[in-house]
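So the structure is just underneath, and the comments pick up after that.
In what follows, every heavy atom counts, from backbone to side chain, and hydrogens, waters and symmetry copies are set aside. A, B, ... follow the sequence lines: proteins, then strands. Residue 1 opens every chain.
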Amino acid sequence: MNTPNDPRTPRTPGDIEGDRRRKMARLRDELGIEPYGGRIDGLLPLAEARAKYDAAADEAHKQDATQDARPRVRVAGRVVQSRVMGNLIFLSLRDCSGDLQVAVSKKSVPPEVFKLAKQVDLSDIVTAAGPLGSTKTGEITVWSQGAPGGDAGLTLACKSLAPPPEKFHGLTDPEQRYRKRYVDLYANPDVMRTMQLRIRIIDEIRDYLRGRGFLEVETPMLQSLHGGAAARPFITHHNALDMPLYLRIAPELYLKRLLVGGFNKVFEINRNFRNEGLSPRHNPEFTMLEAYEAFGSWETVADLVEDLVCTVAMKVFGTLEINHRDAEDAEKITRTINLKRPWRRVSMVDLVREELGWSFNKKRASAQDVQTILSAIQTRSFRKIGLRLKESNPSLAGKLLQAGSVEAYRREKDKVLAFIRAELTHLEQEFNRLQNDGRLEDKAELERLDRQINTLTTLMNDFHRLIDESGAKREADVFLYKFTHMSPAEQLVEVYEKLIEPTLIDPTFVTHVPSAVIPLARENRDDPFFADVYELAINGVEISPGYSELNDPDVQERHLRHQVGDREEQQEIDGDFLEALKVGMPPAGGFGLGIDRLVMMLTGATSIRDVILFPLMRPQG
RNA sequence: GACCGGGUAGCUCAACCGGUAGAGCAUCGGCCUUUUAAGCCGCAGGUUCUGGGUUCGAGUCCCAGCCCGGUCACCA
């Protein structure tokens, strides 16, 4: 970098960093200010400082300026707004607790402090000290004021050289937000709030489990064999030992070894790594809670997780009714999740029968059942379109949703398309009219129209694709081929995951899952086709599995061998784990809880990336 | 992986049928002691994601690639 910190360097327009470096050099040279500060004692978080405001003292001081009982505070924060009004300067400071305004009046501070205040840039970190008062408009404000023998009234704690985000829109590009989370966190207070909620949720989970006698442990993340789940691992290499190592896909097998060793209740909250695709619900590294309780069962851990989630929700949110709100319109509630106990418990077979009319009998689905399932899968896609139409054309949407079959959508396709086209034309006319008028105050309206047009266009695209009979047939063929080659157990699980799980918004424990897909759980004594487990779905996704853990080493070995032979996923058998079971593991209940998804559910985040501080991003380039 | 949308000033976005690339905010200079996206005056700021092609002329059209988002698929 050849931009010296020299105020005489000729200015290149638009070079924000250069401007700031020159400004910094002036502060150093002319005011003797060190722009990277040092230790500062006695600072209050902004929210705490604000809480100290004393209205009576403020009022008294306003009546009689010689009386000043206003509380004095010292605060620090990043400058997020700056309004220089000549001889009075307002700065809005922000920290992780909130915002607080500072006012610097030329009359109340020494000239060099006022000069500094004028030089302060957005994103600089400053400290301010002075009495807490309010302004004409009632905003609680620190009135910067030096004190004999200490506070300067305003100091620079850290100069920021980078260009600040746009002050009104903030940082909005999702990519930049995830890449530059350090900016996102202060530019978008919602992000800070969500992340703090995440932290509190995890704290409360730990509190809860400790309160019930669980000990938190740490087990290997680098494993020479990856086990405990079916997933592709990340592979790495240990140089000194010259051996491959895997990043763990689950801690399960180690936690169970701890039960063998004599721990009765253990849990671990930490990262798992799965080398699979990314989606709004999948990040390659994600945080899981796993807990094991000796002498428990899937039922004891179901009770536990139910109580745990409710307790956490009450402590952090004070309610069991979780509302998700529209990103555009905070008034609009898009989804309500009711966590009130007791949570429904229903077997997978009953659920499938109830929703689809498919009576699963441990055999492959009959030709007729397959047709039912296929048409349900197709209808589901259409249903989404029906739901999206609901707001703009309730009667048409109602008709489609009620008919609920692919044929109904095909029959009505001209009407649907005609409606969408008419709507688009209307919106575009509206859009052009506003744009031609060039009325700036309607900018928000323009943006709204633009979004609606966008939504409708994608809707029309989706619809075209769906009613394209050859396309639909191709998709159906692919599905039929795959589905008819599945085992009965896989068919049941497939149907559940595709068609039922996404509709389970309120908490539902799905029980009696085919044991064939769950090798680490105990088979049901009365009907070994099913395992003694639950899969808890909330918010349309699986959030927690719970097992009666399998502790018979012979059965466990058989399951694992079967899995290895059956699946393409190369997974070596963990012989040492089987050894451990031979030593003897007490019967136990165990459960997992996907922390990221839990936080999404509780905070209404629509993407897992919104609840992870630094989600995985492809390197920039 | 497939489809759709997007990539233009530091930020947020415009640019009609292919004809000199604009605005707001931020920056820079000036005015202003109760602002709340403060206001007013003025200056400046561009390899239109990259590389090819068509054309007298490309931000715009075509081809290839990169990146982001959405939907679907894959994957527990």
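- Listed nucleotides B/rG69, B/rU34, B/rG10 differ in distance to A/Ile16; the shortest reach to its side chain belongs to B/rG10.
- B/rC40 and B/rG24 are spaced 10 Å apart, taking the P atom of each and rounding to whole Å.
- Pairing each heavy atom of A/Gly546 with each of A/Val301, the nearest pair is CA-CG2, 4.3 Å.
- Base-pair partner of B/rU12: B/rA23 (Watson-Crick or G-U wobble, both distances under 3.5 Å).
- Taking atom CE of A/Met85 as the reference point, atom P of B/rU33 lies 8 Å away to the nearest angstrom.
- Regarding A/Glu139, its CD atom lies at a distance of 16 Å from the P atom of B/rU34, rounded to whole Å.
- Rounded to whole Å, atom P of B/rU35 lies 15 Å from atom CG of A/Asn87.
- Across the P atoms, B/rU71 and B/rU34 are found 50 Å apart, a figure rounded to whole Å.
- As the counterpart of B/rG69, B/rC4 is assigned, both hydrogen-bonding distances of the Watson-Crick or G-U wobble pattern falling under 3.5 Å.
- At least one cation-pi condition fails for A/Arg181 and A/Phe614: the charged atom is not both under 6.0 angstrom from the six-membered ring centre and inside a 45 degree cone around its axis.
- With a cut-off of 3.5 Å on both Watson-Crick or G-U wobble distances, the partner of B/rU34 is given as none.
- Closest non-hydrogen pair, A/Met24 versus A/Pro35, comes out as CG-CG, 3.4 Å.
- Atom CG in A/Asp184 sits roughly 15 Å away from atom C1' in B/rU12 (whole-Å rounding).
- For the P atoms, the distance linking B/rC16 with B/rG59 amounts to 12 Å, nearest Å.
- Residue A/Gln81 has a polar side-chain atom (N or O) positioned under 4.0 Å from OP1 or OP2 of B/rA38.
- In this structure, B/rU60 forms no base pair with any nucleotide, since neither Watson-Crick nor G-U wobble geometry is met with both distances under 3.5 Å.
- Following rounding to the nearest Å, A/Lys159 (NZ) and B/rU27 (C1') show an atom-to-atom distance of 12 Å.
- Separation of the P atoms belonging to B/rC61 and B/rU8 is 16 Å when rounded to the nearest angstrom.
- With rounding to whole Å, A/Asp99 atom CG is found 19 Å from B/rU35 atom P.
- When distances run from any side-chain atom of A/Leu122 to the nucleotides B/rU33, B/rA26, B/rA37, the shortest one goes to B/rA26.
- When heavy atoms are screened at a 4.0 angstrom cut-off, A/Gln101 is found touching base atoms of the nucleic acid.
- Taking the side chain as every heavy atom from C-beta outward, A/Leu116 and A/Leu154 approach each other to under 4.5 Å.
- Atom C1' of nucleotide B/rU12 and atom CZ of A/Arg177 are separated by 15 Å, given to the nearest angstrom.
- A donor-acceptor pair is defined here as one N or O able to donate and one able to accept, closer than 3.5 Å; such a pair exists between the side chain of A/Arg20 and the backbone of A/Ser160.
- Regarding the sugar-base torsion, B/rC11 falls in the anti class, its angle being beyond 90° of 0.
- Position along RNA chain B of the nearest nucleotide to A/Glu494 versus A/Ser92 favours A/Ser92 as the more 5'-ward residue.
- Comparing the C1' positions of B/rG42 and B/rG52 gives a spacing of 44 Å, expressed to the nearest Å.
- In the set B/rU35, B/rC28, B/rU33, B/rC28 carries the atom at the smallest distance from any side-chain atom of A/Lys23.
- Remark: A/Arg83 is not in phosphate contact with B/rU35, judged by side-chain N or O atoms under 4.0 Å from OP1 or OP2.
- Counting only N and O atoms by type, the side chains of A/Asn539 and A/Arg335 include a donor and acceptor under 3.5 Å apart.
- Counting only heavy atoms from C-beta on, A/Asp19 has its side chain closest to B/rU27 among B/rG69, B/rU35, B/rU27.
- Nucleotides B/rC4 and B/rC62 have their P atoms positioned 12 Å apart, rounded to a whole Å.
- A side-chain donor-acceptor contact under 3.5 Å links A/Gln101 and A/Arg83.
- With B/rC32, B/rU33, B/rG69 as the candidates, the nucleotide lying closest to the side chain of A/Leu88 is B/rU33.
- Across all strands shown, A/Lys62 has no heavy atoms under 4.0 Å from either base or sugar-phosphate atoms.
- Note on ring orientation: taking the six-membered ring where Trp is involved, the planes of A/Phe234 and A/Phe273 are perpendicular (angle over 60°, cut-offs 30° and 60°).
- In this structure, the nucleotide among B/rA38, B/rC28, B/rC74 sitting nearest to the side chain of A/Lys498 is B/rC74.
- When the P atom is compared between B/rG10 and B/rG46, the two are found 8 Å apart, to the nearest whole Å.
- When the C1' atom is used for both B/rG18 and B/rA37, the distance is 38 Å, rounded to whole Å.
- Closest to the side chain of A/Phe90, from the set B/rA26, B/rU34, B/rA37, is B/rU34.
- Looking at heavy-atom distances under 4.0 Å, A/Arg274 makes contact with sugar-phosphate atoms alone, never a base.
- Whole-Å rounding puts the A/Lys180 NZ to B/rC68 C1' distance at 15 Å.
- Residue-level contact check: A/Val493 touches the bases, meaning some heavy atom is under 4.0 Å from a base atom.
- Projected onto RNA chain B by closest heavy-atom contact, A/Arg281 and A/Ser82 fall at different nucleotides, the more 5' of which corresponds to A/Ser82.
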